[in-house]
Amino acid sequence: MEQVLTRTKFADPSSDKKPLIISGPCSAESEEQVLATALALAKTGKVDVLRAGIWKPRTRPGSFEGIGTKGLPWLQKAKELTGLPLAVEVATAKQVEDALHFGVDILWVGARTTVNPFSVQEVADALKGVDKTVLIKNPINPDLELWIGAVERIQKAGIKELGLIHRGFSSYGNTEYRNAPMWHLAIELKRRHPELPMICDPSHICGKRDTLQAVAQEAIDLDYDGLMLESHVDPDNAWSDAKQQVTPERLAEILDSIVWRREHSDQKEFNVALEKLRAQINQIDDEIMLLLGNRMKVAEKIGLYKKENNITILQTNRWNEILERSIQKGDKLGLTKEFILKYFDAVHLESINRQNKVMNEQ
Ligand code: PEP
Ligand code: MN
């Protein structure tokens, strides 16, 4: 039972196994709520692990902060009735101890804990010599090193089965998501640590129900190894995260509507076509880099010229002119303004650095 992740698609990518599905309420509230939710989830036949928050790290005091240790026997009963392994968030040594005592199979480190190396270390120390699965959520702020640091602390404690949960990053004033996914950060972590399964938590990314399916699909398209989705028998009256929870029946619908893709295909024709297109992409990328190199050489020449004539590097009018021209051109080519601005920002910075070097060389 302990090695939960090895039973998933992650352990055998070529199999038809679907990603690991973790579901359950944001918080355990009462024995009735836990059991009713767990039984309904088990009935769908689509859930692999039962989750529930027992200790809730709330942003501000005064709201429900979790039922505490007395909720653990309810989970234990739910496990007995459904056969589903349990996942619970832990943030202190005492919480680890209690969770282990009541047979929790997967312990996860929450976003508000991953940000704090002292807390992560405390959890890691409490886990020494324990043979359990540990999942680490991304920190609230978009800091990859902090996320990796938490992984390293837990790894050093001797935990063998480790996974990651991508739950999005807090970004001030963002309206579309509760926590912006910033997919590139999770992808970069997957690239650096391909041995760690990556699970997406659309519930905390979205913060509301209507976009859960789309975000879950996006994660599956990016070859994630699992999904964690909050569900509750009576979501509107949930004691925490009411807006983002769905009934077990709705969860089943969402899972049914996802198109499950595989990273690899054994259809030869498909692979040949894919290889051809990838070769084209590589060739285009090479050309773009060659052109960028040429562009920087021209920038250096301008730098020399400016130096001889004692002119500043930055001329705002010229820069605005480049941007406006490119946004218009890009639009005709189907490139978004957002992309053009990001691209030119990077190109411009590189250009300025090159000119700076040329102009200040003795
Ligand atoms: C949760 O899973 O209910 C939770 C508190 O998540 P996070 O740590 O991602 O905020
Ligand atoms: Mn929650």
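Note that the numbering runs from 1 along the sequence shown for the chain. Start at 1 and go down the list; that is how both ligands and their atoms are numbered.
Salt bridge Glu97/Lys94: absent, no basic N to carboxylate O contact under 4.0 Å.
Applying the 6.0 Å contact sphere to CG of Leu277 captures more than 12 heavy atoms from other residues, nucleotides or ligands.
Gln355 and Glu300 form no side-chain donor-acceptor contact under 3.5 Å, judged by distance and modelled atom types alone. In this model, a donor atom of one side chain and an acceptor atom of the other lie less than 3.5 Å apart for Glu161 and Thr133.
Atom OE2 is the N/O/S atom of Glu230 found closest to the Mn ion (ligand 2). The closest approach of His204 to the Mn ion (ligand 2), by N/O/S atoms, is made by NE2. Taking the N/O/S atoms of Asp241 in turn, the shortest distance to the Mn ion (ligand 2) belongs to OD2.
Aromatic ring centroids of Tyr224 and Trp183 lie under 6.0 Å apart.
With hydrophobic clusters built from ILVMFWY side chains whose heavy atoms lie under 4.5 angstrom apart, Ile340 shares a cluster with Ile322. When the side chains of ILVMFWY residues are joined at heavy-atom separations under 4.5 Å, either directly or via intervening members, Trp260 and Leu212 end up in a single hydrophobic cluster.
Pocket lining of ligand 1, defined as residues with a non-hydrogen atom under 4.0 Å away: Cys26, Arg51, Lys56, Glu89, Trp108, Gly110, Ala111, Arg112, Lys137, Arg167, His204, Glu230.
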